[in-house]
*Asks:* 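Here you go, one structure.
Here the structure is a predicted model, which is why all the values come from computation and not from measurement. Note on naming: letters A, B, ... go to the chains in the order of the sequence lines (proteins, then strands), and numbering restarts at 1 for each one.
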Amino acid sequence: SFDPSLSRKNSEAIKTTKILLVIYRNYSHYTSHDFYSQFGLEDVICTDDIPGTDEDTDSAVLFGTLRGNVVGLRYYTGVVNNNEMVALQREPNNLYDKNAVKVNNVSGNQVGHIKKELAAPLAYIMDNKLAIVEGVVPYGAKNAFTMPVQMSFWGKEENKQAVLDKLKVHGFKLAPLSKSSEFGFGSSWVSGRAGPSYSAPGHAAVQMTTEQLKSEFDKLFEDLKEDDKTHEMEEAEAVGTPLLPHQKQALAWMVSRENSKELPLFWEEKNNFYYNTLTNFAEKERPENALGGILADDMGLGKTLATIALILTNFHDGKPLPVENIKRDQLYKVRGVFFVFVFSKAEKPKYTVSSDSEESEEWLPQQTRSNVTFVFSGTASVQSVKKNYSEERPRTTLIICPLSVLSNWIDQFEQHIRPDVHLNIYIYYGPDRSKDPAFLSKQDVVLTTYNILASDYGSRGLLHRLKWLRVVLDEGHTIRNPNAQQTKAALNLEAQRRWILTGTPIQNSLKDLWSLLSFLKLKPFTDREWWHRTIQRPVMLGEQGGLRRLQSLIKNITLRRTKTSKIKGKPVLELPERKVFIQHVTLTEEERKIYRSVKNEGKAAISRYFNEGTVLAHYADVLGVLLRLRQLCCHPHLCTNTSSSSCDSTPEELREKLVNKMKLVLSSGSDEECAICLDSLNLPVITHCAHVFCKPCICEVIQSEQPNAKCPLCRNELRVEHLVEYPLEESESSIEKGDREWISSSKINALMHALIDLRKQNPAVKCLIVSQFTTFLSLIETPLKESGFVFTRLNGSMTQKKRVQAIQSFQDSHTGSPTIMLLSLKAGGVGLNLTAASRVFLMDPAWNPAAEDQCFDRCHRLGQKQDVVITKFIVKNSVEENMLKIQNKKRELAAGAFASKKLTASEVKQTKINEIKTLIDL
DNA sequence: ACCGCCGGGTGCC
DNA sequence: ACCGCCGGGTGCC
């Protein structure tokens, strides 16, 4: 499998010194977090530095417990059971007592108040966040006026004394932590099962070590395969592409989830009541099962196709979208309702709704105003149903995806729906998008992006006013951060069925899971407190029961297969091989000279930061130095000298400098994410301390930290009026193009040599040429034209239409179609399909090996028929080689047993410092 | 009796 | 609340 063309010649340009064969492994759990871990920013970003994030509940310990009283029961409707969990909630605006503390049951109905004498110290403790106070009503739930409540106080060790003192002043004392302090669950009336136990830390019957826990956690999603999910289902006729066996499994599972009549997990029916076995909450109303789930298949297994098949197959009431057309003369009017009856075999027409349509009886009487069209077969079974849905019975599937995969969805719909089937699909995107709710709700499918979703939420726009039949979040892990705007926006959508598609289900934290569960409307986890008390904390404390619950929960709502999963003994996907070669390039003496001088200058600056201990504060500058070096490895013209910083300048100069820095960071290929929402930048702004965030994110931080807001990355002062916005679309063209004469570079020579060689062997083979620098791609265009290559190009900045055109022409197999695509590394999202290419030339290494892998997967995926050969050009003795070292270290770490062992803040810092040192040879 | 005791009215915060 | 608390009625043995 060694490609001789790469080393055959010993030309002047390519001084190939060594070729390495890297065997492909799956690094899919490598994520964009990596950038932050690389620079040790995770601890700064992910913990309590940002207001509104989880109150560092992971490190909370139990201070003790206290018995108190709930009073005023007769004024409220909320009821509880014995042993039921209750939520304590401050009510600072209470007219009678500013210390008031409400007591709510699991579904949020108020039960009463904490007696005022106790509320006084509680209010202090809660307001100052000294402890989290949780309650359970041990008995007396049926009392008329007051009932007892057993309270547990959880907090950071350093706050324990303050809590004890405050309680003491008011004459209260926490019970010592003894075994007997396990409260409540022993006498649970929930029969049959062993009730859950929430024991105090240190007293868990079998406590797991952090390592055990970690490995169990990693296995969570791997143990999901087989058992009940092997059932296959034939796709509806309307699906134009035959499904593979594993896709039929996915379809069967998704349809069964949507049509499920079962109680959700952790609920039981008893005495006409429905009991939640985790919280002991009960209600008369049957809790709705989450009609949906998480499809967490590896990328390339066809999540998109499975979803399309789901839409068509479970189109309405468990029936598929009909393929045949309805004839007009079969229309009958009955009491203002339009029915179409198609009787194929029956002797007599029936003017009743078929009993097969279980729900018709219940809804028809109220629905007589809407126009309904039914198609029945004579055997009284419904063959197909089509009707104008009323607002209460929405028909529309809303699909939300990153912009980069929007076109992929459109393609896939076109590709996989039979041409004679009519499906209304509307792309809700762009300034001219429809403002008409009636129009939108008449669509079968509405496609939009997370950014549109987020801005729609802010303005309470159409997406949030309509009721949807189904909402699908593609790349759904984008809602893992509960504070991000798009997460809130997604959680607030109204829909009957909800799906999350993701290839990376859990990053490395349980916390990530909560947003997903909350989106799925899984009772009672929509409220973070119940999730935290019943699952997250028990798991964190190493309790077996907690992990068991988590496992069954994940198992219940998730389907995940990897590329290596097997179905009936055969791999789910048989992809051609994929080989990665590293081709070393040696710079010419002239290039080396420039490189060396920039490096020495940058090295001096960075050593100074090290000596001053201000590396993090000069974060953008460090990146800038590294960026310039990486650019010089590619081509001397890439490095436009964005001068190093000097202090104190006029506001205008400062502004310009900041804009330049922002451009630097945005084009560095390493940091296109916002440190707050951890997602791609939405309206990027730069702070005076030169850190880039989404404007909405940072504004929220500033808002909530009033009046002394600090930068989440470096703790410098922040002001809204100091934020500098990214200037609108002047980009690209301004970066010098025609004003310098074109020259080649060692890397371009190496590339051209390989391309020409390849063309000699097989003129039809298609290649991707990938770089993080779009200017570099532009420079490469010149020799491509000179050598007569037909090529196309895909940039992040291209309009949707142009992207589609570029992709289509490249995927075209006719002679004369482009054989080369110039691709910016981050241009295509995960869904981008470039299977026409079987060769990839990666012109410059990325910080994050996962970003590279993702890029390779755009051609090494379902539909690829040939082996994929990837060539990475790496300049000898340069920052690129050092980047490889770090990439390899990361891969080892990710693959090793201690995978993502939590590092302490100082360990992370040290790692970061070492990495910067490695990168610049310090 | 500027007390005690009785029994009715009453009741979250 | 089959409590506590309040405040009015009442008052030797």
*Asks:* Applying the side-chain contact (heavy atoms from CB on, under 4.5 Å) criterion to Phe153(A), which one of Leu130(A), Asn159(A), Leu164(A), Leu167(A) satisfies it?
*Replies:* Leu167(A)

*Asks:* To the nearest angstrom, how far is Leu95(A) atom CG from dC12(B) atom P?
*Replies:* 15 Å

*Asks:* Could you give the distance separating dC6(C) and dA1(C) at their C1' atoms, to the nearest angstrom?
*Replies:* 15 Å

*Asks:* Using whole Å, report how far CG of Asn94(A) lies from C1' of dC13(B).
*Replies:* 5 Å

*Asks:* Scan Ile114(A) against the nucleic acid and name what it touches under 4.0 Å (heavy atoms): base, sugar-phosphate only, or nothing.
*Replies:* sugar-phosphate

*Asks:* Using purine N1 to pyrimidine N3 plus N6-O4 or O6-N4 for Watson-Crick, or N1-O2 and O6-N3 for G-U wobble, both under 3.5 Å, which nucleotide pairs with dC13(C)?
*Replies:* none

*Asks:* Parallel, tilted or perpendicular: which one describes the rings of Phe525(A) and Trp531(A), with boundaries at 30° and 60°?
*Replies:* perpendicular

*Asks:* So does Tyr274(A) get a backbone contact from the side chain of Trp267(A), meaning a donor-acceptor N/O pair under 3.5 Å?
*Replies:* no

*Asks:* Using a strict threshold of under 4.0 Å (side-chain N to carboxylate O), is an ion pair present between Glu268(A) and Lys270(A)?
*Replies:* no

*Asks:* To the nearest Å, how far apart are Gln89(A) CD and dC12(B) P?
*Replies:* 20 Å

*Asks:* Roughly how many Å apart are dC5(B) and dT10(C), using the C1' atom of each and rounding to a whole number?
*Replies:* 9 Å

*Asks:* Pick the C1' atom in dC12(B) and in dG8(B), then give their distance to the nearest Å.
*Replies:* 22 Å

*Asks:* Stacking between Tyr96(A) and dC12(B), defined as ring centres under 5.5 angstrom apart with planes under 30°, is that present or not?
*Replies:* no

*Asks:* Searching all strands shown, indicate the nucleotide that pairs with dA1(B) (Watson-Crick or G-U wobble; both distances under 3.5 Å).
*Replies:* none

*Asks:* When rounded to the nearest Å, what value does the distance between C1' atoms of dC2(B) and dC13(C) take?
*Replies:* 25 Å

*Asks:* CZ of Phe145(A) versus C1' of dT10(B): gap in Å, rounded?
*Replies:* 11 Å

*Asks:* Kindly indicate whether a cation-pi arrangement holds for Arg498(A) with Phe519(A), taking the cut-offs as under 6.0 Å to the six-membered ring centre and within 45° of the axis.
*Replies:* yes

*Asks:* Would Lys284(A) and Phe273(A) count as a cation-pi pair here, with the cationic atom under 6.0 angstrom from the ring centre and within 45° of the axis?
*Replies:* yes

*Asks:* Cation-pi between Arg470(A) and Trp499(A): NZ/CZ under 6.0 Å from ring centre and within 45° of the ring axis?
*Replies:* no

*Asks:* Output the rounded distance in Å from CG (Leu118(A)) to P (dC13(B)).
*Replies:* 11 Å

*Asks:* Output the rounded distance in Å from NZ (Lys116(A)) to P (dG4(C)).
*Replies:* 15 Å

*Asks:* To the nearest angstrom, how far is Lys115(A) atom NZ from dC3(C) atom C1'?
*Replies:* 11 Å

*Asks:* dA1(C) C1' sits how many Å from Leu73(A) CG, rounded?
*Replies:* 12 Å

*Asks:* Is Tyr75(A) side chain donor-acceptor paired with the dC13(B) base, going by distance under 3.5 Å alone?
*Replies:* no

*Asks:* Let's see if you get this right: which residues in residues 104-112 of chain A place a heavy atom under 4.0 Å from DNA chain B?
*Replies:* none

